[in-house]
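Quick note: residue numbers are just sequence positions, from 1. What you see below is based on every heavy atom in this structure, not just the backbone, and it leaves out hydrogens, waters and symmetry mates.
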Amino acid sequence: MPGKTVDDLVVTPGGYRHTSHVHAIGPGHRLDLARGTIQQMDARGHLVHDFGPLQIKSSGKPLMPGNVSRHPTLAAGLGEGWIAYAGWTNDTGHPVTLFSTMWKVPPAPKTNHNQVIFLFSGIQNSTNIYQPVLQWGPSAAGGGPYWAVASWYVDGQQGPAFHTNLVQVKPGTVLTGVMTLSGQNNNLFSYDCMFNGIADTSLPVSNIQELTWNIETLEAYGLQQCSDYPDIGSVAFYAIDLQTSAGRPTLSWTPENAITDCKQHVDVVSNANPDGEVDIYF
């Protein structure tokens with residue numbers, strides 16, 4: 001694209017994209033797609049900014065990890081993108097109304113190569129992914145050699161990414177990432193995403209396609225050696241509670257070990273609902 005270079009690429013959940021495609025959504029604001037474009041609205045419903053039309057992708061498969069965008073020139077020593085994850089597709093015919101997961105902020109990595117690590121639960125369709133994200137390292141939202149959280153609503157390659165303010169958290173902090181259905185108007189759905197008890201992490205979105213594919217994920221970029229991962233054997237995503245408009249469905253999480261250069265893998269400890277658990281090792 002004229003005037004845009006690789007020097008302007010920044011990393012987000014979902015990979016690298018031009019910095020002009022990344023937008024911070026402040027407290028009290030929401031995204032609304034009722035008019036066919038992505039509009040930022042303030043707390044009184046007034047238009048703040050119109051980001052243009054949403055590029056709807058072909059249905060039938062989730063947006064990620066197939067649309068992860070890697071940096072065209074930066075070379076990492078280890079595999080990048082979605083490293084290990086577990087997914088469950090809601091094909092019950094009833095929309096997800098609650099998806100809640102707890103996990104503990106792990107220790108810092110032993111080594112620092114400006115790597116970026118994302119640990120999150122999320123729910124997506126073919127066009128966007130919605131996710132409360134714990135990150136280590138510098139992303140497009142900010143950050144550095146410390147842990148921080150934000151909520152994200154992200155398109156695929158070259159598409160827009162929206163995030164709340166980044167909030168620093170300490171190792172050992174127990175996080176609860178929650179996505180809830182807040183409304184439905186025919187085939188358009190409205191959701192909220194936040195970390196319980198952490199201010200300014202709410203990112204409401206209104207009038208979007210139904211979100212159906214639920215995941216627990218480790219994603220990473222720029223790692224040079226295995227000690228760039230957190231200095232602990234695994235992270236447990238636990239107390240998983242997933243509800244639809246018809247109640248709690250029977251879950252069967254499908255593990256995917258996409259990259260195993262540091263013995264990364266997923267262990268589905270329990271498919272219980274509530275109180276399920278998915279552990280990711282590295």
Side-chain angles (χ1 to χ4, degrees), residues 5-17 19 22 64-87 103-122 129 131-150 152 154 157 161 163 166-175 177 215-238 255-269 278-282:
T5 71
V6 294
D7 294 333
D8 298 317
L9 295 177
V10 291
V11 70
T12 69
Y16 288 89
R17 67 193 72 225
T19 184
V22 183
M64 300 292 178
N67 283 285
V68 165
S69 180
R70 293 169 178 81
H71 199 283
T73 60
L74 291 180
L78 301 175
E80 296 186 302
W82 280 33
I83 308 297
Y85 56 96
W103 67 104
K104 185 182 292 187
V105 179
K110 283 186 176 180
T111 51
N112 180 25
H113 291 97
N114 287 321
Q115 71 271 28
V116 180
I117 299 168
F118 298 120
L119 290 159
F120 58 87
S121 56
I129 182 169
Q131 51 200 146
V133 179
L134 170 67
Q135 76 169 54
W136 171 274
S139 80
Y146 55 85
W147 293 105
V149 295
W152 291 77
V154 178
Q157 298 179 18
H163 63 85
L166 201 62
V167 180
Q168 188 169 350
V169 291
K170 296 180 179 179
T173 302
V174 176
L175 305 173
I215 39 84
E216 310 282 3
T217 305
L218 164 65
E219 181 179 1
Y221 300 90
L223 290 86
Q224 302 301 323
Q225 57 196 56
C226 293
S227 57
D228 287 350
Y229 279 109
D231 189 20
I232 193 172
S234 64
V235 168
F237 293 91
Y238 65 97
E256 297 288 348
N257 303 319
I259 295 173
T260 59
D261 45 18
C262 293
K263 299 182 180 180
Q264 306 96 319
H265 65 279
V266 176
D267 180 16
V268 178
V269 176
V278 171
D279 293 356
I280 299 183
Y281 290 79
F282 35 78

Gap separating the OH atom of Tyr221 from the OG1 atom of Thr12, nearest 0.5 angstrom: 7.0 Å

Gap between atom CD1 of Ile83 and atom CG of Asn257 - 0.5 Å precision: 11.0 Å

Backbone N/O of Gly222 and side chain of Glu80: donor-acceptor pair under 3.5 Å: yes

By side chain to side chain contact (heavy atoms under 4.5 Å, CB included) - contacts of Ser234 (at least two apart): Tyr281

Smallest separation among heavy atoms of Ile117 and Pro230, with atom names: CD1-CD, 3.8 Å

Main-chain N/O of Pro107 paired to Asp231 side chain as donor or acceptor, under 3.5 Å: no

Approximate separation, where rounding is to 0.5 Å, of Asp279 CG and His265 NE2: 8.5 Å

Donor-acceptor under 3.5 Å (Ser227 side chain, Thr111 main chain): no

Least distance between heavy atoms, Pro132 atom then Gly177 atom: CG-CA, 3.8 Å

Atom of Val154, atom of Pro13 and distance for their closest heavy-atom approach: CG1-O, 3.3 Å

Compile the donor-acceptor pairs under 3.5 Å between side chains in residues 134-146 and protein atoms, sequence neighbours left out, one pair per line.
from	atom 1	to	atom 2	distance (Å)
Gln135	OE1	Ser139	OG	2.7
Gln135	NE2	Gly137	O	2.8
Gln135	NE2	Ser139	OG	3.4
Gln135	NE2	Gly142	O	3.1
Ser139	OG	Ala141	N	3.0

Side-chain donor or acceptor of Thr260 paired with backbone N/O of Lys263 under 3.5 Å: no

Straight-line distance of Trp82 CH2 to Ile215 CD1, nearest 0.5 Å: 4.0 Å

Pairs touching residues 65-75 that satisfy side chain to side chain donor-acceptor pair (under 3.5 Å), sequence neighbours left out: His71-Thr73

Value rounded to 0.5 Å, distance of CG in Leu223 from SG in Cys262: 7.5 Å

Closest heavy-atom pair and its distance - Tyr229, Leu218: CE2-CD2, 4.0 Å

Main-chain N/O of Gln224 paired with Gln115 side-chain donor or acceptor, under 3.5 Å: no

Which atom of Leu166 lies closest to which atom of Ala148, heavy atoms considered: CG-CB, 3.5 Å

Aromatic plane relationship, Phe237 with Trp103 - under 30° parallel, 30 to 60° tilted, over 60° perpendicular: tilted

From CD1 (Ile129) to CH2 (Trp152), nearest 0.5 Å: 12.0 Å

Minimum heavy-atom distance Val22-His163, with the two atoms named: CG1-CD2, 3.7 Å

